[in-house]
Every structure is written in C-alpha cells, then in structure tokens.
There are 2 protein chains.
Amino acid sequence: METILNILQKFSNIPQESLERFVRKLQETNIPKGGFLIREGEICDRLSFIQKGFVRSYYFKDNKDITISFSMQGEFIASMASFISQKPSYETIEALEHCHLYQISYQDLMDLFEKDSHLEHLYRLILEQYYVALEEHLIFSKFKTAKERYLELMENQPHIIQKAAVGQIASYLDMSLETLSRIRASI
Amino acid sequence: METILNILQKFSNIPQESLERFVRKLQETNIPKGGFLIREGEICDRLSFIQKGFVRSYYFKDNKDITISFSMQGEFIASMASFISQKPSYETIEALEHCHLYQISYQDLMDLFEKDSHLEHLYRLILEQYYVALEEHLIFSKFKTAKERYLELMENQPHIIQKAAVGQIASYLDMSLETLSRIRASI
DNA sequence: CTGATTTTTTGATTTTTATCAATAGTTCTC
DNA sequence: GAGAACTATTGATAAAAATCAAAAAATCAG
C-alpha cells in the first residue's frame, strides 16, 4: 500500500525535512462505514488524506441527494469551497466504507505554508492536478450521452461501480436511477 | 478601470516589491475581435490577464464547438490543463471582442515562484478561487433545469448574454440553440 | 435463518429536449 | 445599399430521459 509520503514525493522533489514537518502535523482518524467526514452546514477545517477507504461527497436538493464526487485511497478530500473560504459547507462527505484517514487542520496547514514555502509549492501542484481533474469531469459530462458516461466510468473508475449504490452513481452521472438501471441491463 | 495591481492586491497583502517583480515580466498584447489566444493542438505557454475584452473558451466535437467558459476583464485566462501540464491544448480560446491583455510566460512564472515564494502564495490563492468557481459551475449545471440555468445566467452574468451568440451560450448551458431560443421567447 | 427494510429492476406513460426543416432577421462585403 | 452569408426564431416530429408505479432481488437486524 502506498503511504502518504510516497504519494507526496511523486509531486515534487521537496526536501525530506519539509515532508517530515508536514507529516508531524497529521492526525490519524478512523471513520466507520456510514460515518461522516463533514456534514452540510459545518465548516470544513480539515484536509484529509485517504490512506484506506472510499468516500462520497454530495449535496442535498429537495429531499434527494446528488453525488458530486467519489474519492478513494491515495487521494485528498475536503469540502474544498468550505475549506478554502472557511465558511459553512454545502457539501456532505460520507464514508461508503471504513476509512483510515490522515488529517491536517486548516490552521496548521496555513502555519506550515508561512514557515515553509516548499509545502505551499507542493500544495499548489496538488491543487493544479485537482483543478485539471475537475475540468475534465465538467467537459466529460458535456460531451457524452448517458450510456457513454456510464461506459467511460466503467472503463476508468470501475471501483466506483463496485462500491457505490445505483442511485449514488446515477446522480453523479446526471441521470435518474431508473435510466442507469436500464443502461446496465442493456450492456 | 481596475488595473492588474489593484486586483492582485485584493488577494493578499503581498509585498509591493514582489508585485513589481511580477509586473515587470508582463507583456502587453492586443488581440483583435475574432483572433485567438490559443488554438487546439498548441501548448498554452502563457497566462493572460484580461485588462479589457471578452473571450470564449471551447472544445470541438464532431464539427460543432462546445463552450466551456466565458471570461471578461479583470480575470485570468489560460487553457489551464495545457498550461499546467505544458502539453497540447484541447481547448481553443477566441476573442469575442478586441482584447487588451497582459501575459506572462510559463517559464517566467515558474522562475518567479522559485525566487519569490510570495508570488507562488498569491498564485495559490487565485487558483483556489478558480477551483471554487469551477466547482460551483459543475454543481450549478447538475441542479437546474434548462430554463433555470438561463435565468440564473441572466441574473449573475448578463454581460455574457449581451455579448455572446445564442449558439455559444446554448452549448455553455448544455442545451440546443433552438431550446435556448424558445426559452428566450417564453420569458 | 427469517421477516423487514432497502435497493434494484422492469413496465407504462409523460415530459423534456433534440433534431430536422423552413422562414425571418441580422450583419458583412463589395 | 443590394445581395450573400450567417444567425436566430418558429414549427413539426422524433428521441431521450424523467416520473410514477409495482415487482423482484439483495441486505440487514434480531
């Protein structure tokens, strides 16, 4: 299994000392299946690295929920808009399976950035990757039909299909759960 | 009219010296209406600040084009995926009206970040704002009906409706131009 | 293990939106 | 300023997907 150190080292050849400074601020947390990393209305004051597990981030609309993203081990997750602005989150993030996380608080991270510009550099690189991924997701949903979107998800992120419920995947792919169920039957 | 200095100063209280270092690397460029900031297939090696003007960024699909975003004066624009990775762009960015730009090359920007961490800090803050805006756009398109999407655009970014063609706005809002035309007739 | 609850599938129908096609309006060029 | 080229509107129809409803399957709790 990849450690957080392995993953961070891939982003840039940042001094070992800086990485250690970062790792010292991490807190280990476990969230059981069905538990929450952040709930709508709370301020997201922690950035989490998923060491092991699988999470879903979603919004409420009327009394339904709409999936915004899925994240798995090796990825960072936070309600980004809330974390960045330190204002209440519109997003809820739940553990779809037991999660083993390493978390850093907003304040600790900002303090580290002031003390050590290598860490802000690293964060910048990670943020850029996440920006590009988000842009790709936006474009992907504009360009494809319902069936193509499902097939591409199967191709690129089969673990989502294994682990998430049909209704959760359907709203992620912008279709009703009945439509997704029919697409599944047709292939 | 707001200068680039005014806008940057809003993001953080970065030393004047750093700002001046950045501004010295900017190159002034004018792009006529209908001209291009970047074309599909080229590597986007410049980040542009729009001092005056209005641009549209789009992808080609089959022989049609699909609008990804509009940007106006006071905003930064680049084909971000290409700029970040320094690989060819899938995106084309055209000037919908005469544009007065300040541009910095990728290499100059990276060099500045190495020399002056205040500038990387500033860039990080700007990137965060753009990340949040992108996320909002993604969520917005998931939550609303065709008519709601148009009404919200009218409310929040009426300049787009003034300046862009119906077909360009329609693909931005994820609908056919006929549907948008009918929505316009109905309100 | 078994009944209860939740999730998924399937069917019938309606709604929404896309597509195709023709006309009207605008703007560009010479 | 007249004709050409492009853009927008309107109409008719088709296709895609949503909604409503019920049955089947899977999962959970005791």
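Hydrogens, waters and symmetry mates play no part in the numbers below; they use all other heavy atoms, side chains included. Throughout, protein chains are lettered first and strands after them, A, B, ... in sequence-line order, and every chain is numbered starting at 1.
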(request) Over 60° means perpendicular and under 30° means parallel, so classify the ring planes of B/Phe54 and B/Phe70, tilted if in between. (result) parallel
Which of the following nucleotides, [options], is nearest to the side chain of [X]?
{"X": "A/Thr179", "options": "D/dA17, C/dT17, D/dT9", "result": "D/dA17"}
{"X": "B/Val166", "options": "D/dT9, D/dA21, D/dA18", "result": "D/dT9"}
{"X": "B/Met175", "options": "C/dA18, D/dA18, D/dT9", "result": "C/dA18"}
{"X": "B/Arg182", "options": "C/dT10, D/dA17, C/dT19", "result": "C/dT19"}
{"X": "B/Ala165", "options": "D/dA8, D/dT9, C/dA18", "result": "D/dA8"}
{"X": "B/Ala146", "options": "D/dA8, D/dT19, C/dT17", "result": "C/dT17"}

How many Å lie between [atom1] on [X] and [atom2] on [N], as a whole number?
{"X": "A/Ile169", "N": "C/dT9", "atom1": "CD1", "atom2": "P", "answer": "10 Å"}
{"X": "A/Leu180", "N": "D/dA18", "atom1": "CG", "atom2": "C1'", "answer": "14 Å"}
{"X": "B/Lys142", "N": "D/dA17", "atom1": "NZ", "atom2": "C1'", "answer": "15 Å"}
{"X": "A/Gln162", "N": "D/dA26", "atom1": "CD", "atom2": "P", "answer": "16 Å"}
{"X": "B/Ile183", "N": "D/dT9", "atom1": "CD1", "atom2": "C1'", "answer": "14 Å"}
{"X": "A/Lys64", "N": "D/dT19", "atom1": "NZ", "atom2": "C1'", "answer": "8 Å"}
{"X": "A/Lys147", "N": "D/dA15", "atom1": "NZ", "atom2": "P", "answer": "16 Å"}
{"X": "A/Leu173", "N": "D/dA17", "atom1": "CG", "atom2": "P", "answer": "12 Å"}

(message) Measuring to OP1 and OP2 of C/dT9, would you say a side-chain N or O of A/Arg184 lies under 4.0 angstrom away?
(response) yes
Is the closest side-chain donor-acceptor distance between [X] and [Y] under 3.5 Å?
{"X": "A/Gln157", "Y": "A/Glu152", "result": "no"}
{"X": "B/Glu28", "Y": "B/His100", "result": "yes"}
{"X": "B/Gln168", "Y": "B/Thr67", "result": "no"}
{"X": "A/Glu40", "Y": "A/Thr92", "result": "no"}
{"X": "A/Glu136", "Y": "B/Tyr90", "result": "no"}

(request) Could you say whether B/Asp174 or B/Lys33 is positioned toward the 5' end of DNA chain C, judged by the nucleotide with the nearest heavy atom to each? (result) B/Asp174
(request) For B/Leu177 and for A/Gln168, find the nucleotide of DNA chain C with the closest heavy atom, then tell me which residue's nucleotide is more 5'. (result) A/Gln168
(message) Rounding to 10°, can you tell me the angle the first-five-pair axis of the helix from C/dC1-D/dG30 to C/dC30-D/dG1 makes with its last-five-pair axis?
(response) 60°
(request) Spell out, as yes or no, whether a donor-acceptor pair under 3.5 Å connects the side chain of A/Ser82 to the backbone of A/Lys87. (result) yes
